[in-house]
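Below is one structure, written out as structure tokens; the observations come after it.
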Amino acid sequence: MRRRCSVLQSTMATLGNRRNGGNARKRLWCAIPVSCAALIIISFTFLFDLRYKHREVTPEVMATPMASPSMDSPPPPPVVDRCSGRYIYVHDLPGRFNSDMISRCRTLSKWTDMCPFVSNAGLGPRINNSEGVFYGTQWYATNQFALELIFHNRMKQYECLTTNSSLASAIFVPFYAGLDIGRYLWGYNTSVRDATSRDLIRWLKSRPEWSTMGGRDHFMVAGRITWDFRRLTDDEDDWGSKLLVIPEGKNMTVLVIESSPWHKNDFGIPYPTYFHPSKDSEVQLWQARMRRIRRPWLFSFAGAPRPNITDSIRNEIIGQCRQSRRCKLLQCDSGRSKCHSPSSVMGMFQRSIFCLQPQGDSYTRRSTFDAMVAGCVPVFFHPGSAYVQYVWHLPRNHSEYSVLVSEDEVRDGKVRIEEVLRRFGKNDVVAMREEVIRMIPRLVYADPRSRLETTKDAFDVTVEGVIQRVDDMKGGRVPEFSELESWKYAVTGRGGQHEWDHFFNRTTQ
């Protein structure tokens, strides 16, 4: 026992000397019973060990070379450029090509004061919702020819703009071609109608960005139908300008509200509607409302006869609607009519299961998009009214969301529209309507003064289509084909015989 005590005393004295530097501690350790001393030593050893283990995981120890992150941890992930392959370069055009037209808005149309319609970034005045047809405050009396201004303002909010054209996947030309030609369509000679377009081409060709691909990576919006820009001759009586038929114009991708089935360089994008959401939730709430709304009318039509167009079937459609108890007619006579009231038009479409969309002065109608925004299944009478037009925005399988009734059979009195529509079962109708409602986001242009978070609108879908087209041209993936078969490649990706050949057997407008 004494030997153990002496050993213990020696050990404790050593520790005391190390930690306190005094010999007076020795007498205290000798007086401590052996069992207590042993317990103290064990406790001290445990605390020392615990402190050592805690030190192993402190940041100071982790920072030593032995525990360096570069050796023991995986390397940080590479920085991903979320805009890679999506950059857009925007030409800074002189004001005469865009903003000066807005400043002189009273000259934009011979028939309409366009000044109210260029307000609110091109959306026009807000709609008074006194009749309760609309939901929320994102509804505007938008003019169908205001698309260039809306699109340009949306482009200013695009998340992947660049000032370095070498990074750009496509180059945007913010020329207001439709507003320009709208000033000169009536009462002006061909030189005046072509002047601004030719001035633009001279300006573009002087820029280094043009020389990279000769303009093939450039795109622009011409917010009217394609025929307003496809004058074939210099006869004063010929219609429109030559913007889309001159070589430089043919090199660019031109976005119009109605494209030509027989040309490669123009692409149809949706007409602007009255609905311009600023939040994702506004789109979702409207879709939910269209799913719930009661629709008492089997079909409806909003429009006027076209007595000056020999092949028009509008008289037959109006006659059949009047004879049916299940059809609602909103006849658009000259002068003031309910057809010019957004509430009247949208209210009728919301209460209809099917909405008839025959040709008007040309293949397409703004009414088509107003009807679909209202959740109404469109009924077409010519594939040129939608299927070969809006190939980026509408599903290829047109039977999923619409009905096609041959206008030839209507004209010849071979079909009754009501009988055709009554053949669809309830489940078929519900499925078509759901597809239409699901498409609503990609058919409308969001408020240019805001940005949707997750929802892709018509602008987003259009930009993706343009970038893909330019990328395909750069990669040599655009097939060579006769322009007369352009509509076939747009719909099916190939030429040859097609069931719609008889609809497109004309090669002029």
Requested in this report: Go through the steps for S406 and F503 under the test side chain to side chain contact (heavy atoms under 4.5 Å, CB included), then give the verdict.
Outcome: CA-CA 9 Å; S406 171; F503 285 109; 4.2 Å; yes
Report summary line: Here the pair of heavy atoms bringing Q287 nearest to I437 is NE2-O, 2.9 Å
Report summary line: Between F369 and the options F349, Y274, F275, Y390, the ring pair (Phe, Tyr, Trp, His ring centres under 6.0 Å) test singles out Y390
Query raised in the report: Short question: side chain of D447, backbone of P277 - any donor-acceptor pair under 3.5 Å?
Result: no
**Report entry** R477 side-chain N/O to M473 backbone N/O, donor-acceptor pair under 3.5 Å
**Finding:** no
Query raised in the report: Any sub-3.5 Å donor-acceptor pair from K488's side-chain atoms to G496's backbone N or O?
Result: yes
Requested in this report: Tell me whether the centres of the aromatic rings in H398 and W500 are closer together than 6.0 Å.
Outcome: yes
Report task. Hey, could you give me each pair passing disulfide (SG to SG under 2.5 Å) that has a residue in residues 350-452? Not counting sequence neighbours. Result -> C355-C376
Query - Other residues, nucleotides, ligands: >12 heavy atoms within 6.0 Å of N308 CG - result: yes
**Report entry** Shortest non-hydrogen contact from S352 toward S300
**Finding:** OG-OG, 2.9 Å
Query raised in the report: Any idea which heavy atoms bring A371 and Q357 closest together, and the distance?
Result: CB-NE2, 3.7 Å
**Report entry** H393 ring center near F267 ring center (under 6.0 Å)
**Finding:** no
Query raised in the report: Under 3.5 Å, is there a donor-acceptor pair between the side chain of E148 and the main chain of G178?
Result: yes
**Report entry** Minimum heavy-atom distance V377-S402, with the two atoms named
**Finding:** CG1-CA, 3.9 Å
Query - Under 3.5 Å: donor-acceptor pair, side chain of D457, backbone of R442 - result: no
Query - Nearest heavy-atom neighbours spanning G347 and V133 - result: N-CG1, 3.7 Å
Query raised in the report: Does the salt bridge (charged side-chain N to carboxylate O under 4.0 Å, His left out) test come out yes or no for R86 and E159, once each step is laid out?
Result: CA-CA 9 Å; R86 299 172 57 217; E159 62 180 349; 2.6 Å; yes
Query raised in the report: Counting distance only, does the side-chain N/O of S324 pair as donor-acceptor with the main-chain N or O of Q320 below 3.5 Å?
Result: no
Query raised in the report: Regarding R224 and the six-membered ring of F145, is the cationic atom NZ or CZ under 6.0 Å from the ring centre and inside 45° of its axis?
Result: yes
Requested in this report: Examine R295 relative to F354 and say whether NZ or CZ is less than 6.0 Å from the centre of the six-membered ring and inside a 45° cone about the ring axis.
Outcome: no
Query raised in the report: Quick check: does any side chain N or O of N120 sit under 3.5 Å from a backbone N or O of L123, one acting as donor and the other as acceptor?
Result: no
Requested in this report: May I ask you to decide if W239's main-chain N or O and R231's side chain share a donor-acceptor pair within less than 3.5 Å?
Outcome: no
Requested in this report: Could you tell me if the ring centre of Y387 sits under 6.0 Å from that of F380?
Outcome: yes
Requested in this report: For the residue pair W210 and E248, confirm or rule out a side-chain donor-acceptor distance under 3.5 Å.
Outcome: no
Query raised in the report: Any donor and acceptor pair, going by atom type alone, linking the side chain of D412 with main-chain N or O of E409 inside 3.5 Å?
Result: no
Query raised in the report: Can you list the steps and then say if W111 with W186 is a side chain to side chain contact (heavy atoms under 4.5 Å, CB included)?
Result: CA-CA 10 Å; W111 319 108; W186 293 273; 3.6 Å; yes
Query raised in the report: Cationic tip of K264 within the cone over F481's six-membered ring, i.e. under 6.0 Å and within 45° of the normal?
Result: yes
Query raised in the report: How are the rings of F459 and Y158 set to each other: parallel, tilted or perpendicular (split at 30° and 60°)?
Result: perpendicular
Requested in this report: Check the pair W262, W487 against side chain to side chain contact (heavy atoms under 4.5 Å, CB included), reporting the backbone distance first and the verdict last.
Outcome: CA-CA 6 Å; W262 308 295; W487 66 269; 4.3 Å; yes
Query raised in the report: With respect to V405, which candidate in I313, L356, I317, V379 satisfies the side-chain contact (heavy atoms from CB on, under 4.5 Å) definition?
Result: V379
Query raised in the report: Applying the side-chain contact (heavy atoms from CB on, under 4.5 Å) test to I269, which of V256, L147, V461 qualifies?
Result: L147
Report summary line: Paired with Q359, the side chain to side chain donor-acceptor pair (under 3.5 Å) test is passed by just one of R314, E407, R306, R365, namely E407
Query raised in the report: R193 side chain to G240 main-chain N or O, any donor-acceptor pair under 3.5 Å?
Result: yes
**Report entry** Beyond-backbone contact of L93 with L200, side-chain heavy atoms, under 4.5 angstrom
**Finding:** yes
Report task. Answer yes or no: are there more than 12 heavy-atom neighbours, outside K456 itself, under 6.0 Å from its atom NZ? Result -> no
Atom pairs and distances, donor-acceptor, side-chain atoms in residues 212-223, under 3.5 Å, two or more places apart:
residue : atom : partner : partner atom : Å
R216    : NH1  : M213    : O            : 3.3
H218    : NE2  : H91     : NE2          : 3.0

Requested in this report: Examine the side chains of S450 and S278 and answer whether a donor and an acceptor come within less than 3.5 Å of each other.
Outcome: no
Query raised in the report: Judged by modelled atom types alone, do S241 and D194 share a side-chain donor-acceptor pair under 3.5 Å?
Result: no
Requested in this report: Walk me through it: do Y445 and T273 pass the test side chain to side chain contact (heavy atoms under 4.5 Å, CB included)?
Outcome: CA-CA 8 Å; Y445 297 93; T273 66; over 6 Å; no
Report task. Give me the one residue out of T364, T142, T368 that meets side chain to side chain donor-acceptor pair (under 3.5 Å) with Y271. Result -> T364
Query - Pairs flagged by ring pair (Phe, Tyr, Trp, His ring centres under 6.0 Å) wherever residues 296-322 is involved - sequence neighbours left out - result: none
Query raised in the report: What is the minimum heavy-atom distance between L161 and M155, and which atoms define it?
Result: CD1-O, 3.5 Å
Query raised in the report: If you measure only the distance, is there a donor-acceptor pair under 3.5 Å linking the side chains of R416 and Q323?
Result: yes
